[in-house]
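Encoded as structure tokens, the structure appears first; notes follow it.
The structure displayed is predicted, hence computed values, not measured ones.
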Amino acid sequence: MTTESTPTSFGPLLLRARKNRGWSQARLVHELRQVAARHGQSLPADASVKRRIASWENGHSTPDEFYGPVVCETLAMSPAELGLGHLTGQDSALLDAGYPASPEAAIANVDRLWRADLNGYDPLLHAQTSEPAWSEASLRWLVAPDAAFPKALSNQGPRVGLADVAVIKSTCDMFAQLDDRFGGDHARQSVIQYLSRDVAPLLSGRYTEAVGRALFSTVAEATLLAGWMSYDACQHGLAQRYFLQALRLAQDGNDRRLAGSILSAMSHQATFLGQFTHAATLARAALMGISAVATPTLRAQFHAMEARALAHTGDRHACESALAAAAKALESCNTDDEPEWITYFDAAELAAEAAHCFRDVRSARQAVSHAENAMSGSHVRSDFFATMVLADAHLHAGDADEACNVALDALDLGEQLRSSRCVAYLTEFRQHLAGTGLTAVVREFHEQAAEHRLWIASGQALAAP
């Protein structure tokens, strides 16, 4: 049986395998969807997948590196048996959301992620999060021995020095500022394009161990940014995969502080997705894993992430204890001794986290008090979130008039933001507001809000099936 990866060899083999099972194309779509879901993937609409299957069976195309493993697993056939020689022995890390086993695997995985993201591969862009991946990654990072740094992967690659690392750092700092001002949906693709086309070749270049450690740490920070931007765009499976690769790169860059911050980001996402036990565990793993090198600000952030998760579990006492620990840690911070990338976490940020917590434990008065102290004036998206929490807190306190006034302030503030997370906050507020009745104030608010782009998007989100 031929193993060439040509459309003409694959198409008849797929058609025969499907018919031997008595499956229609619709049944094959269903089975593919079931397998993809087990790996944290979400396929596009049935009609789109049917068109792909028809194209495969007619010999016009073959599955790419994302669909191929799903097809093979669905039919319980190897790539060779299906004539997909180009997939034989191929790493399935993108589908499995696994923690890379080595520095070399991390380089290969993140390079494939960037390329797939940039090329718009549906299975990746529609991927769901994998719950086991959170536990696996935190445990493997906690118990990992010091990694042996990889030797140069190619004698033909570019020579890399600290100046190259500095360029990556400066470029990604610029993208981080854009993300902060305009949201993750604004320049996300530009970040990925830069990483794929400019940074990936350097990872496979020639460098000393010292330069390599700095390179890995800087690329880990850049990949963390890609994860945050993807999370802000509500592409959650993709974001989780970026966080996982960033964690491994930080491990091999010997940057435990950054690794802890990546676990904290994963905790933040898990809370947003309603996975509160995972979120609390990730925050605790971050604190435990870098206890020897943790700065006061990092400890404050990790305690705050734990508090955010605990607020949703109903354990108010533990939530308040974590917030108290965060406040105590932040009191002793010295900005000069903190990593540059964590200095944004200040008293206003902690107040915003506390406001979220007290809103979620239904303590409206305390939520209002903390939210009013959470406006930094310098971080647009964070101020938007804090303002929406304040609006929600007023609503829970029974003051719909003030809630509407504050929500209008948030809409004005967020007019420049392109963030699916911001839309999610508005969607939740919109649902809560609907329960107050259509008073004159609420009707006026709807009229004024109707002019705002984010409010329009929240309405579309509610109307979507």
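- Using modelled atom types, no side-chain atom of Arg257 and backbone atom of Ala294 make a donor-acceptor pair closer than 3.5 Å.
- What you find for Leu225 and Cys172 is that their closest heavy atoms are CD2-O, 3.6 Å.
- A distance of 6.0 Å or more separates the ring centres of Trp23 and His30.
- More than 12 non-hydrogen atoms from other residues, nucleotides or ligands lie less than 6.0 angstrom from CE of Met174.
- Across Leu195 and Ala222, no two heavy atoms sit closer than the pair CD2-CB, 3.8 Å.
- Within the 3.5 Å criterion, the main-chain N or O of Tyr231 finds no donor-acceptor partner in the side chain of Arg421.
- A pairwise comparison of heavy atoms in Gly184 and Asp232 identifies N-OD2, 2.7 Å as the closest pair.
- Taking the ring axis of Trp114 as reference, the NZ or CZ atom of Arg197 does not stay both within 45° of it and closer than 6.0 Å to the ring centre.
- Inspection of the His394 and Asp399 side chains reveals no N or O donor paired with an N or O acceptor under 3.5 Å.
- Interatomic distance, Leu215 CG to Ile168 CD1, rounded to the nearest 0.5 Å: 5.0 Å.
- Side-chain N or O atoms of Thr313 include one that pairs as donor or acceptor with a backbone N or O of Leu310 at under 3.5 Å.
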Side chains of residues 319-332: which donor-acceptor pairs under 3.5 Å do they make with residues two or more places apart or in other chains?
from, atom 1, to, atom 2, distance (Å)
Glu320, OE2, Arg316, NE, 2.9
Glu320, OE2, Arg316, NH2, 3.4
Ser321, OG, His317, O, 3.0
Ser332, OG, Ala329, O, 3.0

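- What you find for Asp180 and Ser378 is that their closest heavy atoms are OD2-O, 3.7 Å.
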### Task
Check the pair Asp337 / Thr295 against side-chain hydrogen bond (donor to acceptor under 3.5 Å, both in side chains), numbers first and verdict last.
CA-CA 8 Å; Asp337 296 332; Thr295 64; over 6 Å; no

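- Residues Ser61 and Ser55 have side chains that bring a donor and an acceptor to within less than 3.5 angstrom of each other.
- The shortest non-hydrogen separation linking Phe302 to Ala283 is O-CB, 3.7 Å.
- Using modelled atom types, one finds no donor on one side chain facing an acceptor on the other under 3.5 Å when comparing Ser130 with Gln240.
- Residues Trp141 and Ala285 share a closest heavy-atom pair of CZ3-O, 3.8 Å.
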Let me have the donor-acceptor pairs involving side chains of residues 350-359, under 3.5 Å, with sequence neighbours excluded, atom names and distances please.
from, atom 1, to, atom 2, distance (Å)
Glu353, OE1, Arg308, NH1, 2.5
His356, ND1, Ala352, O, 2.8
His356, NE2, Tyr425, OH, 2.8

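- At distances below 3.5 Å, at least one donor-acceptor pair connects side-chain atoms of Asp185 with backbone N or O atoms of Ser420.
- Under the 3.5 Å distance criterion, the side-chain polar atoms of Ser267 are left unmatched by any main-chain donor or acceptor of Leu263.
- Here Arg27 contributes atom CZ and Leu32 contributes atom CG; the two are 11.0 Å apart, rounded to the nearest 0.5 Å.
- In this structure, Arg248 CZ and Arg140 CZ are separated by 7.0 Å, a value rounded to the nearest 0.5 Å.
- Ring centers of Trp134 and Phe243: at least 6.0 Å apart, outside the cut-off.
- One side chain, Thr297 or Glu338, offers a donor N or O that lies under 3.5 Å from an acceptor on the other.
- Distance CG/Leu395 to CD/Glu428: 10.5 Å, rounded to 0.5 Å.
- Taking the six-membered ring where tryptophan is involved, the planes of His432 and His396 are tilted, since the angle between them lies from 30° to 60°.
- Looking only at distances, no side-chain donor or acceptor of Ser217 sits under 3.5 Å from a matching main-chain atom of Ala214.
- The closest side-chain donor-acceptor pair between Gln235 and Arg188 falls under 3.5 angstrom.
- A donor-acceptor pair shorter than 3.5 Å can be found between the side chains of Asp117 and Tyr242.
- The aromatic rings of Phe272 and His236 are tilted relative to each other, their planes meeting at an angle between 30° and 60°.
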